[in-house]
Number of protein chains: 2
Amino acid sequence: MPSGSLALLHWAKMTTLAKILIVDDDPRLRGLLKYFLTDKGFEVNCVANAEQMNDKLIRSFYDLIILDWIMPGEDGLSVCRRLHTEENSPLIIMLTANGSENDSIAGLQCGADDFLAKPFNVDVLLAHIQAMLRRHPRIPDRLVDTHGILIEFGDYTLDLTQRCLLFKHKKINLSSGEFSLLKVLSQQMGKPISREQLSYLIKGQDSQVDCRFIDTQVYRLRKLIETDPSNPIYIQTVRGLGYVMIQHSTTH
Amino acid sequence: MPSGSLALLHWAKMTTLAKILIVDDDPRLRGLLKYFLTDKGFEVNCVANAEQMNDKLIRSFYDLIILDWIMPGEDGLSVCRRLHTEENSPLIIMLTANGSENDSIAGLQCGADDFLAKPFNVDVLLAHIQAMLRRHPRIPDRLVDTHGILIEFGDYTLDLTQRCLLFKHKKINLSSGEFSLLKVLSQQMGKPISREQLSYLIKGQDSQVDCRFIDTQVYRLRKLIETDPSNPIYIQTVRGLGYVMIQHSTTH
DNA sequence: TTGTCTTGTGACAATCTGTGACAATTCACC
DNA sequence: GGTGAATTGTCACAGATTGTCACAAGACAA
């Protein structure tokens with residue numbers, strides 16, 4: 001990889017801003033937090049309940065969720081229990097109107113990563129968010145294509161700008177579907193992604209009932225990039241879940 | 001799932017016997033915390049100041065540091081700034097006698113991962129510790145090489161990043177289920193795990209009534225990695241409990 | 001329009017995994 | 001040591017999941 005691109009990649013990685021989802025039934029608080037956090041450079045989305053949250057989580061990847069404990073429908077505690085069983089779930093900051101010690105213990109035990117009692121100082125919230133994100137590896141899915149981003153795995157380099165795949169500086173032709181699939185998988189390197197999510201992220205359509213076409217695309221992609229397609233090392237199957245991209249270090 | 005089991009599961013998800021270093025100039029607090037945390041299954045060491053802490057950190061590997069802000073010599077804030085620039089530094093919980101918002105902001109900004117104001121409830125501290133370790137299971141440096149996160153037992157190397165098992169550099173094919181089981185057992189090396197916990201950790205589902213399928217998976221895994229599957233040395237049965245993974249030192 | 005390339009569908013094969021049955025083993029109790 | 005219940009090992013089997021590939025419809029350029 002040319003050093004210029006490498007520098008650019010690092011720059012882009014450093015300046016990638018975290019994506020935060022606010023889940024709270026209070027529209028005033030949602031608005032306030034969104035305004036404040038957006039101003040601090042985060043990408044912020046808001047929803048009012050757990051159902052809408054599920055919808056958002058299928059459509060996109062979030063680094064952190066700010067989650068209200070008390071909500072109509074499924075409450076924050078239940079959401080926590082559910083989310084934290086999943087692999088690579090977003091960080092969760094739980095909010096509650098009741099700041100009792102037992103509540104904070106219960107919240108943390110159910111899978112929340114942090115806990116704040118309302119009312120809270122937004123600067124304290126910001127400090128907590130920054131401290132958590134500092135520890136948590138960033139999900140680089142929102143790197144902007146126009147910056148000339150390269151993703152490397154093994155001896156391959158996926159150029160998101162040129163929309164092409166290089167193998168040791170030799171170009172490999174991909175169809176647009178193959179490229180999209182490889183892009184989505186590569187951007188979530190190491191994270192298993194379901195067929196439903198892949199389908200949505202590639203085609204942008206809702207309610208794709210039959211996602212088996214993903215299998216076919218994976219099959220084709222494996223034939224192109226795997227040395228032994230029947231024993232894939234890059235695109236691996238996670239049975240019952242979907243597929244995961246593995247970033248092998250380069251051999252040189 | 002009953003709350004008791006849930007608490008147990010969180011315990012199970014934690015890394016094997018986390019090692020904690022307490023840095024505080026108050027001998028009474030040191031003693032109290034050491035007693036409490038040791039009782040909860042942690043390995044705890046105590047020192048009175050930053051200088052002694054440096055000495056400990058050179059000699060051993062710690063998952064988490066409980067750090068007092070105000071100390072004779074180098075204070076907690078300065079320690080934080082210093083530590084968090086290092087790679088793979090321990091998690092830091094900062095303690096302060098002053099619970100002001102500005103203090104917590106300053107502490108978190110300087111590299112602390114969490115912040116508690118004295119006096120605090122030890123159960124709250126425990127919940128914070130468990131939540132942090134759950135999210136950031138620290139990997140001893142020796143197990144991280146250029147390939148990823150490695151767990152070694154006997155002549156085997158389990159690569160969690162690449163999702164594969166190596167026997168003397170030769171790849172052994174594992175199914176998704178076999179890999180998951182081996183991963184969970186290996187991560188809790190030496191600690192017996194019940195079928196219920198294994199089932200939960202592998203499938204992420206609650207209330208798995210019949211966990212006998214674990215036996216079958218163990219049987220299959222033994223056929224793959226044990227020299228004599230009927231006399232297993234790696235995956236041993238703990239009658240009435242479940243199974244335990246034994247890490248035999250390598251033969252070379 | 002024609003030809004080429006792409007892509008979703010469906011059919012079937014291969015593999016994986018939980019269930020159930022029975023054998024083997026362990027342990028408590030006598 | 002003997003007995004029987006409880007636990008675990010073993011393995012065949014079927015259902016579930018995924019791999020493979022041919023085919024036709026669609027997209028696109030010449």
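Numbers restart at 1 for each chain; the letters A, B, ... are given by sequence-line order, proteins then strands.
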* Given ring-ring contact (aromatic ring centres under 6.0 Å, His included), test B:Phe153 with B:His248 step by step and report yes or no. => CA-CA 6 Å; B:Phe153 53 96; B:His248 295 265; 9.2 Å; no
* Applying side-chain contact (heavy atoms from CB on, under 4.5 Å), name anything that partners B:Arg220, two or more places apart in sequence or on another chain. =>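 Expected list: B:Glu178, B:Thr216, B:Gln217.
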* Ionic contact status for A:Arg30 with A:Asp25, cut-off 4.0 Å ->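 Salt bridge flag = no for A:Arg30 with A:Asp25.
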* Presence of salt bridge, A:Arg135 and B:Asp113, under 4.0 angstrom ->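 Result for this pair is yes, salt bridge flagged.
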Is [X] reaching over with its side chain to a backbone N or O of [Y], donor-acceptor style, under 3.5 angstrom?
X        : Y        : answer
A:Ser186 : A:Leu182 : yes
B:Arg222 : B:Ser230 : no
A:Gln236 : A:Tyr243 : no
B:Asp63  : B:Lys19  : yes
B:Ser199 : B:Arg195 : no

* Asked: Does atom NZ of A:Lys171 have more than 12 heavy-atom neighbours, drawn from other residues, nucleotides or ligands, at distances under 6.0 Å?
  ->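 Counting other residues, nucleotides and ligands, NZ of A:Lys171 stays at 12 neighbours or fewer.
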* Report, as a single string ordered 5' to 3', how protein heavy atoms within less than 4.0 Å touch nucleotides 20-30 of chain C: B base, S sugar-phosphate only, - not at all. => B-----BS---
* Could you run through nucleotides 24-30 of chain D and give me one letter per nucleotide, 5' to 3': B if any protein heavy atom sits under 4.0 Å from the base, S if only the sugar-phosphate is that close, - if neither? => -------
d([atom1], [X]; [atom2], [N]) in whole Å:
X        : N      : atom1 : atom2 : result
A:Lys223 : C:dC5  : NZ    : C1'   : 15 Å
B:Phe213 : D:dT17 : CZ    : P     : 14 Å
A:Leu241 : D:dT18 : CG    : C1'   : 13 Å
A:Ile202 : C:dT6  : CD1   : P     : 16 Å
A:Glu196 : D:dT17 : CD    : C1'   : 13 Å
B:Leu221 : C:dT17 : CG    : P     : 11 Å
B:Asn231 : D:dT8  : CG    : P     : 17 Å
B:Asp215 : D:dT10 : CG    : P     : 10 Å

* Asked: For the helix from C:dT1-D:dA30 to C:dC30-D:dG1, how many degrees between its two end axes (five pairs per end), to the nearest 10°?
  ->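 If I round to tens, the end axes sit 30° apart.
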* Asked: Residues from residues 170-182 of chain B sitting under 4.0 Å of DNA chain D, heavy atoms only?
  ->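 Within this stretch, nothing sits under 4.0 Å of the strand.
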* Test: A:Lys203 cationic atom under 6.0 Å from A:Phe213 six-membered ring centre, within 45° of axis ->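 Positive - A:Lys203 is close enough to the ring of A:Phe213 and near enough to its axis.
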* To do: Kindly say if A:Arg195 contacts the phosphate of D:dT18, meaning a side-chain N or O under 4.0 Å from OP1 or OP2.
  =>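 A:Arg195 to D:dT18 OP1/OP2: side-chain N or O found under 4.0 Å.
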* 5'-most contact on DNA chain D: A:Pro229 or B:Val218, nearest heavy atom basis? ->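 Counting from the 5' end, the first nearest nucleotide belongs to B:Val218.
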* To do: Kindly indicate whether the side chain of B:Arg220 and the base of C:dG18 share any N or O donor-acceptor pair separated by less than 3.5 Å?
  =>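 Result: at least one qualifying N/O pair found.
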* **CG-CZ distance between B:Leu126 and B:Phe36, expressed to the nearest 0.5 angstrom** =>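 The distance works out to 4.5 Å.
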* **Proximity to the side chain of B:Tyr243 - top-ranked nucleotide from D:dT10, D:dG9, D:dT18** =>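 Of all the options, the side chain of B:Tyr243 is nearest to D:dG9.
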* Nearest of D:dG19, C:dG18, C:dT7 to any side-chain atom of A:Gln217? ->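 In terms of side-chain proximity for A:Gln217, the closest of D:dG19, C:dG18, C:dT7 is C:dT7.
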* To do: Would you check if there is a donor-acceptor pair between the side chains of A:Arg82 and A:Asn54 at a distance under 3.5 Å?
  =>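 Their side chains do contain a donor-acceptor pair, which is all the 3.5 Å distance test asks for.
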* Apply ring pair (Phe, Tyr, Trp, His ring centres under 6.0 Å) to B:Phe167 and list each qualifying residue two or more places apart in sequence or on a separate chain. =>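 Result, ring pair (Phe, Tyr, Trp, His ring centres under 6.0 Å) vs B:Phe167: B:Tyr156.
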